[in-house]
Amino acid sequence: QVQLVESGGGLVQAGGSLRLSCTASGRTFSSYAMGWFRQAPGKEREIVAAINRSGGSRYYADSVKGRFTISRDNAKNTVYLQMNSLKPEDPAVYYCAAGGGGPYYRTPSYDHWGQGIQVTVSS
């Protein structure tokens, strides 16, 4: 129902910053909670940050709290993840996801996924 495309990944030095963007197709973007997830090789996918439909509520994993910021611009059908002070444990494939129901901060609420984008942190 909705297609998601991530952009903005790449290679950065530890302590650096990236901003990931996720643009959704269609005109129903504001009907979805949006989340950012990541998956490192050999590990399970985990939620990093999430934002509700209106953008008024946000959730962050403890590991990124204070460093990452999720935001959305419903007029542009885009959700962002600003990643500051990147650490060696942050590299992963990051996925944008949309959820049509359930709590926005819970992984099972998400059922539409982008293709993933690589984030690499070097020292």
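Since this is a predicted model, take the numbers as computed values, not measurements.
Think of Val5 as one node in a network of Ile, Leu, Val, Met, Phe, Trp and Tyr side chains linked at under 4.5 Å; it has no links at all.
Every side-chain hydrogen bond (donor to acceptor under 3.5 Å, both in side chains) that Ser122 has, sequence neighbours left out, goes to Gln13. Residues passing the side-chain hydrogen bond (donor to acceptor under 3.5 Å, both in side chains) test with Gln3: none are found, sequence neighbours excluded. In this structure Ser109 satisfies the side-chain hydrogen bond (donor to acceptor under 3.5 Å, both in side chains) test with no other residue, sequence neighbours excluded. For the side-chain hydrogen bond (donor to acceptor under 3.5 Å, both in side chains) test, residues two or more places apart in sequence or in another chain that qualify with Ser17 are Asn84.
The salt bridge (Lys or Arg N to Asp or Glu O under 4.0 Å) contacts involving residues 91-110 comprise nothing, where partners must be two or more places apart or lie in separate chains. Applying the disulfide bond (SG atoms under 2.5 Å apart) test to residues at least two apart or on different chains, none of the pairs has a partner in residues 40-73. Among pairs with a residue in residues 85-123, those fulfilling disulfide bond (SG atoms under 2.5 Å apart) read Cys22-Cys96, at least two apart in sequence or across chains. Residue pairs meeting the salt bridge (Lys or Arg N to Asp or Glu O under 4.0 Å) criterion with at least one member in residues 41-60, sequence neighbours excluded, are Arg38-Glu46. The stretch residues 32-86 participates, sequence neighbours left out, in no disulfide bond (SG atoms under 2.5 Å apart) pair at all. Applying the salt bridge (Lys or Arg N to Asp or Glu O under 4.0 Å) definition to pairs two or more places apart or across chains, those involving residues 66-84 are Arg67-Asp90. Residue pairs meeting the ring pair (Phe, Tyr, Trp, His ring centres under 6.0 Å) criterion with at least one member in residues 68-110, sequence neighbours excluded: Phe37-Tyr110.
Scanning all heavy atoms of the two residues, the minimum distance from Ala98 to Val2 falls at CB-CG1, 4.2 Å. Residues Phe29 and Asn74 come closest through the heavy atom pair CE2-OD1, 3.1 Å. The two atoms that bring Ala49 and Leu81 nearest to each other are CB-CD1, 3.9 Å, heavy atoms only. Of all heavy-atom pairs spanning Pro91 and Ala40, the tightest one is O-CB, 4.1 Å. Leu18 and Leu86 get closest at one heavy-atom pair: N-CD1, 4.0 Å. Contact record, Thr78 with Ser21: CG2-CB, 4.3 Å, taken as the closest heavy-atom pair.
Note that CE of Met34 is 9.0 Å distant from CG of Asn77, once rounded to the nearest 0.5 Å. With rounding to the nearest 0.5 angstrom, the OG1 atom of Thr23 is 9.0 Å from the CG atom of Leu4. Here the CD1-OH distance, from Ile70 to Tyr59, works out to 11.5 Å after rounding to the nearest 0.5 Å.
Ile47 and Trp36 are members of different hydrophobic clusters when ILVMFWY side chains are connected at heavy-atom separations under 4.5 Å. Val12 is connected to Val48 through a chain of hydrophobic side-chain contacts under 4.5 Å among Ile, Leu, Val, Met, Phe, Trp and Tyr, so both are in one cluster.
With hydrogens and angles ignored, the 3.5 Å screen pairs a side-chain donor or acceptor of Glu6 with a backbone N or O of Gln115.
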